[in-house]
Chemist: 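Shown below is the structure under consideration.
In this text, all values refer to a predicted model and were calculated from it rather than measured experimentally. Values below: every heavy atom of this structure, side chains too, minus hydrogens, waters and symmetry copies.
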Amino acid sequence: MTQSQNMLQERSLGDEFSASAISFGAMGMSEFYGTPPDDTASLAVLDRALELGVSMIDTADMYGRGHNERLIAKFIARHPMEYTNGRIRIATKFGIDRDPNDSYKRSINNSPSYIRKACEGSLQRLGVERIDLYYAHRIDPDADISETMAILTDLKREGKIAHIGLCEVSAVTLEKAHAVHPVAALQSEYSLWTREVEDSILPLCHRLGIGFVAYSPLGRGFLTGKYTTTEHLETGDFRLSNPRFQGENLRKNSALLAVVQAVADKYGCTPAQTALAWLLSRYEHLVVIPGTRSIARLEENCRATAITLSEDDIALLNAAFTPEAVHGQRYTPEGMKGANA
């Protein structure tokens, strides 16, 4: 398959920013899913993503405590012309301050001095002069979002960032932030089994012209149908403590997969492709950022853009994956810090 045959559709987000409909979440290349980092294999996946037309790579300063951004720097160094001409766009984040003595414990920091320090750190690790899309990863509920946006606006004016994003905020916070400076994109968890954003967030994004970036679009792998048991998860995989993957919760959640498989069978595609096609149908200014360490899975994900689900099949999936049908919280209490702020 050649690059020209497989260019992915670009979707406009907000503030004149765009990204491929299937973009790439790089977090799992550094930690959280048990397997130790393998930069050589990860770079091969990223190289193939570029060939397929993936234009936005999503990272954060806290992924691997900086390892993920340094990995992306290696990728950029392999493709300097593509980065210079905008074929590669990098999104990174600040705001989660991790405990150096605990692999998962964290605090939220949105102080002006911390934002500036975090931005400089990301620029250095990425080896770039400007970050294409800079997100507040989590918002401190006690912080003034207007002050946070003012600092980000200054960073944009100084040429250190090109566009501003927010993650996991409430509709009230998003609207207040957007009044200070246009928000290019909101990134929140969104998939068939995590649909809370449909209540107020997505309608607000539509009204204000803000793009939406859906992370964990495959439910941390659950929607692929391959994780109906945790027996094969490696030590260190955070799903081992995730409420939705525990005992009775996982058993009840697994019953939902029959509907996804039935729709997939109808279209001759995989459950993962069905889940991604469903998401892409929700909002024209929405992109998804599935992550993988497998070139085969990457190619499978990208082929989801060729699938157009019928209204009847969308309705079938909607009816099956109601909030009441999904068992367990999407994070542990520690992981929920700063979510929906």
Side-chain angles (χ1 to χ4, degrees), residues 1 6 8-9 11 20-25 28 33 52 188-199 201-202 212-233 237 239 242-284 286-330:
M1 291 188 288
N6 292 279
L8 293 167
Q9 174 199 14
R11 288 190 166 192
S20 52
I22 305 288
S23 288
F24 191 87
Y33 289 105
L52 291 168
S188 286
E189 184 173 357
Y190 187 25
S191 69
L192 275 167
W193 77 343
T194 302
R195 297 177 57 189
E196 293 89 342
V197 298
E198 294 176 353
D199 295 335
I201 291 290
L202 271 186
F212 192 97
V213 177
Y215 80 83
S216 291
L218 297 176
R220 301 178 174 85
F222 171 78
L223 294 168
T224 67
K226 299 170 184 175
Y227 298 97
T228 56
T229 174
T230 59
E231 292 178 1
H232 305 297
L233 296 181
D237 192 314
R239 288 172 293 192
N242 183 282
R244 291 187 178 177
F245 287 86
Q246 302 305 303
E248 189 68 6
N249 285 344
L250 182 58
R251 187 188 69 78
K252 291 178 178 178
N253 290 333
S254 295
L256 298 170
L257 294 172
V259 179
V260 186
Q261 186 64 62
V263 174
D265 290 344
K266 180 177 178 180
Y267 290 85
C269 66
T270 66
Q273 290 170 330
T274 300
L276 294 175
W278 176 86
L279 263 177
L280 293 172
S281 75
R282 308 306 288 168
Y283 179 40
E284 62 182 331
L286 177 151
V287 305
V288 298
I289 51 169
T292 182
R293 292 189 178 193
S294 162
I295 289 177
R297 295 289 79 75
L298 167 70
E299 293 173 345
E300 175 187 338
N301 292 340
C302 288
R303 288 195 296 270
T305 59
I307 301 163
T308 301
L309 301 177
S310 71
E311 291 299 323
D312 286 346
D313 289 322
I314 289 172
L316 180 66
L317 291 165
N318 289 346
F321 284 85
T322 63
E324 297 77 20
V326 178
H327 295 266
Q329 296 298 311
R330 60 191 179 99

Chemist: Under 4.0 Å between a side-chain nitrogen and a carboxylate oxygen: does that hold for Arg11 and Glu284?
Modeler: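 Looking at Glu284 together with Arg11, the answer is no, because their closest N to O distance does not fall below 4.0 Å.
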
Chemist: Side-chain contact, heavy-atom cut-off 4.5 Å: Phe24 with Thr292?
Modeler: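 Heavy-atom side-chain distance check passes, below 4.5 Å.
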
Chemist: Would you say Asn301 and Leu298 make side-chain contact, with heavy atoms under 4.5 Å?
Modeler: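 No, side chains not in contact.
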
Chemist: If we only count heavy atoms from C-beta on, is the Ser310 to Ile314 side-chain gap below 4.5 Å?
Modeler: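 No, too far: nothing below the 4.5 Å cut-off.
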
Chemist: What distance do Arg195 atom CZ and Leu317 atom CG have between them, rounded to the nearest 0.5 Å?
Modeler: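 So the gap between those two atoms works out to 9.0 Å.
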
Chemist: Please identify which of these residues, Leu279, Leu286, Leu280, meets the side-chain contact (heavy atoms from CB on, under 4.5 Å) condition with Pro217.
Modeler: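 Per the side-chain contact (heavy atoms from CB on, under 4.5 Å) rule, the option paired with Pro217 is Leu279, out of Leu279, Leu286, Leu280.
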
Chemist: Side chains of Trp278 and Asp313: is there a donor and an acceptor less than 3.5 Å apart?
Modeler: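 Side-chain D/A pair, Trp278 to Asp313: absent.
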
Chemist: For the residue pair Asp265 / Gln261, report whether a side-chain donor-acceptor contact shorter than 3.5 Å exists.
Modeler: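 There is such a pair between these side chains.
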
Chemist: Look up atom CD in Glu311 and atom CG in Leu316, then write down how far apart they are to the nearest 0.5 Å.
Modeler: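 Glu311 CD to Leu316 CG: 12.5 Å, rounded to 0.5 Å.
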
Chemist: Please round to the nearest 0.5 Å and tell me the distance separating atom NE2 of His232 and atom CG of Asp237.
Modeler: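 Those atoms lie 13.0 Å apart.
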
Chemist: Enter the distance from Trp193:CH2 to Asn253:CG here, rounded to the nearest 0.5 Å.
Modeler: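 One finds 5.5 Å between CH2 of Trp193 and CG of Asn253.
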
Chemist: Kindly determine whether Thr230 and Arg239 satisfy side chain to side chain contact (heavy atoms under 4.5 Å, CB included), including the steps that lead there.
Modeler: CA-CA 8 Å; Thr230 59; Arg239 288 172 293 192; 5.9 Å; no

Chemist: List the atom of Ala264, the atom of Pro271, and the distance in Å for their closest heavy-atom pair.
Modeler: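 Closest heavy-atom pair between Ala264 and Pro271: CB-N, 3.8 Å.
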
Chemist: Report the C-alpha separation of Leu218 and Leu276 in whole Å, then their side-chain angles, then the decisive distance to 0.1 Å, and conclude whether the side chain to side chain contact (heavy atoms under 4.5 Å, CB included) test is met.
Modeler: CA-CA 7 Å; Leu218 297 176; Leu276 294 175; 3.8 Å; yes

Chemist: For the residue pair Pro243 and Asn249, what are the closest heavy atoms and their distance?
Modeler: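 Where Pro243 meets Asn249 most closely, the heavy atoms are O-ND2, 3.0 Å.
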
Chemist: Decide yes or no for Thr194 and Ser216: does some side-chain heavy atom of the first lie under 4.5 Å from some side-chain heavy atom of the second?
Modeler: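 No. Closest side-chain heavy atoms not under 4.5 Å.
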
Chemist: Side chains of Leu250 and Thr228: does their closest heavy-atom pair fall under 4.5 Å?
Modeler: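 Of all side-chain heavy-atom pairs linking Thr228 with Leu250, none is under 4.5 Å.
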
Chemist: Starting from the C-alpha separation in whole Å, work towards a yes-or-no answer on side chain to side chain contact (heavy atoms under 4.5 Å, CB included) for Phe212 and Val287.
Modeler: CA-CA 6 Å; Phe212 192 97; Val287 305; over 6 Å; no

Chemist: Can you find a pair of side-chain heavy atoms, one from Leu309 and one from Val263, that are under 4.5 Å apart?
Modeler: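 When only atoms from C-beta onward are counted, Val263 and Leu309 do touch, with a gap below 4.5 Å.
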
Chemist: Can Arg220 be said to sit on top of Phe245's aromatic six-ring, NZ or CZ under 6.0 Å from centre and within 45° of the ring axis?
Modeler: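 Relative to the ring axis of Phe245, which defines the angle, Arg220 lies outside at least one limit.
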
Chemist: Would you call Arg303 and Glu300 a salt bridge, using N to O less than 4.0 angstrom?
Modeler: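 No, no charged N to carboxylate O under 4.0 Å.
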
Chemist: Can you check side chain to side chain donor-acceptor pair (under 3.5 Å) on Glu198 and Tyr190, steps first, answer last?
Modeler: CA-CA 9 Å; Glu198 294 176 353; Tyr190 187 25; 2.6 Å; yes

Chemist: So, taking the atom named NE2 in His327 and the one named CZ in Arg244, what distance separates them when rounded to the nearest 0.5 Å?
Modeler: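 Answer for the NE2-CZ pair, His327 versus Arg244, is 10.5 Å.
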
Chemist: Does any non-hydrogen side-chain atom of Phe321 lie less than 4.5 Å from one of Val260?
Modeler: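 SC-SC contact between Val260 and Phe321 confirmed.
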
Chemist: Look only at the side chain of Thr322 and the backbone of Asn318, and say whether a donor-acceptor pair between them is shorter than 3.5 Å.
Modeler: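 Not a single qualifying donor-acceptor pair exists.
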
Chemist: Minimum heavy-atom separation for Gly225 to Leu257, with atom names?
Modeler: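 For Gly225 and Leu257, the tightest heavy-atom pair comes out as CA-CD1, 3.9 Å.
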
Chemist: Say you draw a straight line from OG1 of Thr305 to CD of Gln273; how long is it, rounded to the nearest 0.5 Å?
Modeler: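 The OG1 atom of Thr305 sits 9.5 Å away from the CD atom of Gln273.
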
Chemist: Please evaluate residues Tyr215 and Ser191 with respect to the criterion side chain to side chain contact (heavy atoms under 4.5 Å, CB included), reporting the C-alpha separation (whole Å), side-chain torsions for both, the decisive distance (0.1 Å), and the verdict.
Modeler: CA-CA 8 Å; Tyr215 80 83; Ser191 69; over 6 Å; no

Chemist: Could you tell me if the side chain of Ser23 sits less than 4.5 Å from the side chain of Val213, heavy atoms only?
Modeler: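 Counting from C-beta outward, Val213 and Ser23 never come under 4.5 Å.
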
Chemist: Measure from the side-chain N and O atoms of Thr224 to the backbone N and O of Gly221, and report whether any donor-acceptor pair falls under 3.5 Å.
Modeler: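 Looks like yes, one N/O pair under 3.5 Å.
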
